[in-house]
There are 2 protein chains.
Amino acid sequence: MALTRTPRTSWIDEGLRALAAGGPDAIRIEALAQALGVTKGGFYWHFDDRPALLEEMLDTWEQVMIDEVIERVEGEGGDARTRLRRLFDLASTRESRELLRVDLAVRDWARRDRAVAKRLRRVDNRRMEYMRSLFSDFIPGEDDVEARCLIAMSLFVGSHFVAARHGGRSRAEVMTAALKRLEA
Amino acid sequence: MALTRTPRTSWIDEGLRALAAGGPDAIRIEALAQALGVTKGGFYWHFDDRPALLEEMLDTWEQVMIDEVIERVEGEGGDARTRLRRLFDLASTRESRELLRVDLAVRDWARRDRAVAKRLRRVDNRRMEYMRSLFSDFIPGEDDVEARCLIAMSLFVGSHFVAARHGGRSRAEVMTAALKRLEA
DNA sequence: CTCGTTCCATACGGGTGCGTATGGATACGG
DNA sequence: CCGTATCCATACGCACCCGTATGGAACGAG
């Protein structure tokens with residue numbers, strides 16, 4: 001087993017970085033190679049072609065997304081309200097800007113590609129299910145629970161696509177106020 | 001004044017259609033020409049280059065967006081609650097699928113292009129201002145008004161980027177329930 | 001019927017990106 | 001130190017797209 005100079009994973013990581021920065025069309029093999037300091041020669045040793053890379057990128061993204069948030073929230077225990085608040089904090093601050101940008105890029109991508117949409121549905125269903133279980137713990141009506149889940153998800157995602165200012169208030173402040181409404 | 005076979009506007013319309021379908025990178029002059037049943041020969045008579053088309057596309061989009069919704073809502077009168085509900089209906093049903101898809105495409109585009117972001121900010125500020133005025137009419141706290149505005153905007157936009165199912169309920173049903181929470 | 005305006009077709013040069021082919025280079029295992 | 005596995009560089013053909021150049025074609029005005 002010889003030393004692995006730039007392994008599959010580095011191509012995938014660089015691909016996700018490109019996706020985050022410029023969308024699916026910005027995932028160009030020759031550009032990735034340059035970013036990795038090599039030529040595309042090695043790429044076609046690891047992967048059949050560009051679509052194969054995209055597949056594997058989405059595979060890793062899906063794998064990470066399915067568990068990332070839930071595990072982090074569940075890890076520290078507490079009752080439903082506490083965990084929900086931790087979920088909100090996590091989604092708002094999201095120290096890893098990179099993951100968020102990939103997330104948004106994938107969501108836009110999914111609107112144009114059925115295969116991507118299918119993956120996104122799997123991830124979102126899983127997250128929604130989890131959030132539903134948290135809300136259900138202290139909210140009686142099922143319809144109300146579902147409405148709150150959609151609002152929360154839409155806030156997490158949609159707020160990044162809304163450019164409006166809030167007259168003096170910062171986005172973070174308004175976001176906090178909006179999320180507080182969901183706990184009541 | 002000779003007959004105008006395929007005028008500027010048709011290039012702009014076709015460009016917006018391409019934008020809606022495949023994002024900014026899908027706006028290719030030769031593809032537009034083929035869609036219009038001509039060659040790109042005429043394009044460069046109307047426009048200097050591709051960026052010039054993009055500018056004019058965004059100009060028209062901005063112009064339409066700034067007034068479209070507000071005029072339609074204001075047109076039929078009623079009190080603030082009524083108009084707000086009409087705004088919700090309009091944004092939910094949005095019979096013109098095309099406008100919605102352009103809207104979403106522009107929002108994603110704005111994350112990568114400062115000039116586009118600037119335009120989006122103008123449009124969103126205008127809309128937010130209008131919605132704020134409606135909510136303020138029957139909601140006392142300013143912070144609460146602002147939170148509701150952000151929730152509404154995020155729902156209108158973000159729900160299209162969320163792929164989760166709602167266990168038996170349709171998206172429209174949950175959406176209605178979510179919006180009803182905002183009036184209370 | 002002629003003339004100018006408006007638009008179109010075609011051909012070209014240049015740039016970029018994909019995928020392939022081929023000959024290394026590097027590092028470890030024996 | 002020899003061989004094999006792993007990775008890289010280079011060069012090529014192909015396709016696509018931009019922007020330009022140039023010679024029209026269609027149409028209305030006069």
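Side chains are part of it too, since the values below use all heavy atoms of this structure and drop only hydrogens, waters and symmetry mates. Being a predicted model, the structure only gives us computed values, none of them experimental. The chains referred to below are lettered A, B, ... by the order of the sequence lines, with proteins before strands, and numbering in each begins at 1.
Taking atom CG on B:D48 and atom C1' on D:dG19, their separation rounds to 11 Å, with Å as the unit. We find that CZ of A:F43 is positioned 10 Å from C1' of C:dC18, with the value rounded to whole Å. For A:L32 and C:dT16, the CG to P distance is 17 Å, given to the nearest whole Å. One atom, CG of A:L53, and another, P of C:dG19, lie 10 Å apart when rounded to the nearest Å. As rounded to whole Å, 14 Å separates atom C1' of C:dA9 from atom CD of B:Q34. Rounding to whole angstrom units, CH2 of residue B:W45 and P of C:dG4 are separated by 16 Å. Between the CZ atom of B:F47 and the P atom of D:dT20 there is a distance of 15 Å, given to the nearest Å.
A donor-acceptor contact shorter than 3.5 Å is absent between the side chain of A:R17 and the backbone of A:I12. Of the possible polar contacts, one joining the A:R148 side chain to the A:L182 backbone as a donor-acceptor pair under 3.5 Å is found. Listed for the B:R111 side chain is no donor-acceptor partner under 3.5 Å among the backbone atoms of A:G22.
With respect to A:E142 and B:R169, a salt bridge is recorded, a charged nitrogen being found less than 4.0 Å from a carboxylate O.
Between D:dC7 and A:T6, no contact under 4.0 Å exists linking OP1 or OP2 to a side-chain N or O.
For the residue pair B:H166 and B:R171, a side-chain donor N or O sits within less than 3.5 Å of a side-chain acceptor on the partner.
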Polar atom pairs (N or O), protein with nucleotides 15-18 of chain D, under 3.5 Å:
from   : atom 1 : to    : atom 2 : distance (Å)
D:dC17 : OP1    : B:R28 : NE     : 3.1
D:dC17 : OP1    : B:R28 : NH1    : 2.6
D:dC18 : OP1    : B:I29 : N      : 3.2
D:dC18 : OP2    : B:I29 : N      : 3.2
D:dC18 : OP2    : B:E30 : N      : 3.4
D:dC18 : N4     : B:K40 : NZ     : 3.3

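With sequence neighbours excluded, the residues forming a side-chain contact (heavy atoms from CB on, under 4.5 Å) with B:D48 are B:A52, listed by chain and number.
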